Amino acid sequence: MEKILNIGIVGCGGMGSGHAIALQSGTGNALWKVKTDDVPKFPGALTTDISKHLRLRGIFDIKPERRQWAQERKIPVYESYDAMLADPDIDAVLVATPNHLHKEQSIAAMRAGKHVLCEKPVMITSEDLEEVMQVSRETGRVFYPRQNREWDEDYLIIKKIYDDKLVGNVFNIKSRLTGSRGIPGDWRGIKEYGGGMMLDWGVHLIDRILQMIPEKVIKLFCSCTYITNKECEDGFQLHMTFESGLTVDIEVGTCHFISEPMWCIYGDQGSAVIHNFHLDGKINRLTSWEDKDAEPIAAGAGLTKTMAPRSVGESVEERPLPRFDFDRNTLYRNFAEVCMGTAKQIVTQEHALRVLRLMEACFRSNESGEAVLFEG
């Protein structure tokens with residue numbers, strides 16, 4: 001049996017407490033305000049039992065109420081972060097503190113001989129990440145970016161549609177997340193702490209697109225919004241052009257009171273949509289391009305043939321979204337295996353660096369009001 005990796009968590013707020021429950025229960029399932037014994041396992045035969053790979057050794061948080069939360073669940077609590085790093089039984093540290101603390105705490109952990117699994121965004125700037133990567137090389141310790149939403153089912157469905165050309169050759173993808181509650185939490189609205197929606201949700205949506213599309217990004221244009229917060233962007237719209245001509249539109253908004261589709265993907269043989277996290281959606285697949293003429297329809301003050309909808313069953317066939325089993329604990333498992341030297345890192349430091357650099361290009365575009373060349 002492989003050695004089980006002992007891991008400590010620094011920062012036990014919203015994300016850290018979720019990790020604590022996921023690890024203590026052995027399910028990998030992060031739930032809010034639930035007893036550890038009540039956490040269900042993920043569905044599916046492929047999902048890894050992380051209790052065979054990772055063991056929660058303890059947590060540290062500066063807030064007394066969070067330490068008490070852990071103690072009530074019989075999770076060991078360290079008196080300080082230094083005490084955690086001094087524990088010879090700790091093999092790895094999961095950094096789940098506010099963004100501006102990631103660099104210092106990750107470097108301290110690696111210099112103490114611990115591997116690091118770091119919450120997103122791993123750093124506030126690409127320069128900071130380059131310094132952390134250098135320490136990882138110097139110490140021989142693993143630094144693993146926890147960009148976990150590459151295993152969201154909605155994304156994996158879209159990726160399969162793209163990879164398998166289920167709508168033909170894709171020419172445009174729209175990835176959108178909108179809410180109506182402004183910037184969440186406290187420090188996420190403060191710039192010096194790494195606040196703002198680009199570093200909160202933008203990192204996830206950009207990460208997934210860059211993993212899915214194996215091309216260079218030629219140029220981008222980004223516009224940020226400051227509707228509910230004047231210090232940090234509470235949303236943004238990003239348009240990217242890849243070297244093949246494929247375009248991607250990413251939108252994050254926090255002042256939207258009507259839901260829009262999370263995903264739309266358009267190809268020369270069909271289109272697909274996913275409306276929400278419940279995976280409501282469909283594929284409309286073209287059956288006959290030649291059957292493109294139509295009777296004019298009333299359109300406002302005039303008529304149109306161009307925008308007349310195709311009828312399902314005539315030249316368009318409606319299909320369900322592809323569904324399949326997958327390992328919902330891939331990232332946890334891969335982190336443990338990389339630390340043990342038995343696997344290659346899936347979410348690499350270099351990939352996280354590319355994501356950070358693209359986000360920095362987004363900020364430059366927003367400030368200049370112009371498109372920015374990126375990798376072209």
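Source: prediction; values computed, not measured. All heavy atoms count here, side chains included; hydrogens, waters and symmetry mates do not. The first residue of the sequence shown is numbered 1, and numbering continues consecutively from there.
- The main-chain N or O of S180 is never found under 3.5 Å from a side-chain atom of T254 such that the two would form a donor-acceptor pair.
- The closest side-chain donor-acceptor pair between Y155 and H204, if any, does not fall under 3.5 angstrom.
- Residues L210 and L358 are in side-chain contact: their nearest non-hydrogen atoms beyond the backbone lie under 4.5 Å apart.
- At a cut-off of 3.5 Å, with distance as the only test, a side-chain donor of N172 or T247 sits close to an acceptor on the other residue.
- Between Y193 and H100, the ring planes are parallel. Angles under 30° get that label, and only those over 60° would be called perpendicular.
- Of the N and O atoms on the side chains of T178 and E251, not one donor lies less than 3.5 Å from an acceptor on the other residue.
- Between E317 and R310, none of the side-chain N atoms (NZ, or NE/NH1/NH2) sits under 4.0 Å from a carboxylate O, so this pair counts as no salt bridge.
- Salt-bridge annotation for D200 and K120: present, with a side-chain N of the basic residue lying under 4.0 Å from a carboxylate O of the acidic one.
- The distance from atom SG of C222 to atom NE2 of H239, rounded to the nearest 0.5 Å, is 12.0 Å.
- Figure legend: cation-pi geometry between R333 and F335 absent, as NZ or CZ is not positioned both under 6.0 Å from the six-membered ring centre and within 45° of its axis.
- Judged by distance alone, the side chain of N29 and the main-chain N or O of P40 form a donor-acceptor pair under 3.5 Å.
- Of the residues D327, N329, D49, I50, the one that meets the side chain to side chain contact (heavy atoms under 4.5 Å, CB included) test with F42 is N329.
- Here R323 pairs with E153 in a salt bridge; the nearest charged N to carboxylate O distance falls below 4.0 Å.
- The closest side-chain donor-acceptor pair between S223 and Q237, if any, does not fall under 3.5 angstrom.
- E337 has no carboxylate O lying under 4.0 Å from a charged side-chain N of K344, or vice versa, which leaves the two without a salt bridge.
- Not one N or O on the side chain of H102 forms a donor-acceptor pair closer than 3.5 Å with the backbone of C118.
- The two residues L31 and I21 have their closest heavy-atom pair at O-CD1, 3.3 Å.
- Defined by atom type and a distance below 3.5 Å, a donor-acceptor pair is missing between the side-chain atoms of Q211 and R208.
- Side-chain polar atoms of E72 and Q68 form a donor-acceptor pair below 3.5 angstrom.
- The residues K35 and D38 are annotated as not salt-bridged, no charged nitrogen and carboxylate oxygen being separated by less than 4.0 angstrom.
- With a 4.5 Å cut-off on side-chain heavy atoms, L238 and D249 do not count as touching.
- For the pair R149 and W201, the minimum side-chain heavy-atom distance is below 4.5 Å.
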Name every donor-acceptor pair, under 3.5 Å, that has one atom in a side chain of residues 59-66 and the other anywhere in the protein, sequence neighbours excluded.
unit_1 : atom_1 : unit_2 : atom_2 : d
D61    : OD1    : K63    : N      : 2.8
D61    : OD2    : C12    : N      : 2.6

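- The pair E233-K191 counts as a salt bridge, with a side-chain nitrogen and a carboxylate oxygen less than 4.0 angstrom apart.
- Across F143 and Q349, no two heavy atoms sit closer than the pair O-NE2, 3.2 Å.
- Summarising the local packing, CD of E127 is surrounded by 12 or fewer heavy atoms from other residues, nucleotides or ligands at distances under 6.0 Å.
- Residues Y78 and I90 are in side-chain contact: their nearest non-hydrogen atoms beyond the backbone lie under 4.5 Å apart.
- Salt-bridge annotation for K216 and E243: absent, with no side-chain N of the basic residue lying under 4.0 Å from a carboxylate O of the acidic one.
- In this structure, V273 and C264 approach most closely via the heavy-atom pair CG2-SG, 4.0 Å.
- When all heavy atoms of D325 and P43 are compared, the pair lying nearest together is OD1-O, 4.4 Å.
- With respect to D91 and K114, no salt bridge is recorded, no charged nitrogen being found less than 4.0 Å from a carboxylate O.
- Across all non-hydrogen atoms, the minimal contact from R141 to S136 is O-OG, 2.6 Å.
- Within the 3.5 Å criterion, the main-chain N or O of G270 finds no donor-acceptor partner in the side chain of R285.
- Under 4.0 Å is where a charged nitrogen must lie from a carboxylate oxygen, and between E370 and R364 no such pair does.
- Of all heavy-atom pairs between I75 and A20, the closest is CD1-CB, 4.0 Å.
- With salt bridges taken as basic N to acidic carboxylate O contacts below 4.0 Å, one links R57 and D87.
- Between E295 and K305 no salt bridge is recorded (no basic side-chain N to carboxylate O distance below 4.0 Å).
- Side-chain contact, N229 with D234: no donor N or O sits under 3.5 Å from an acceptor N or O.
- For H351 and D207, the side-chain atoms include at least one donor-acceptor pair closer than 3.5 Å.
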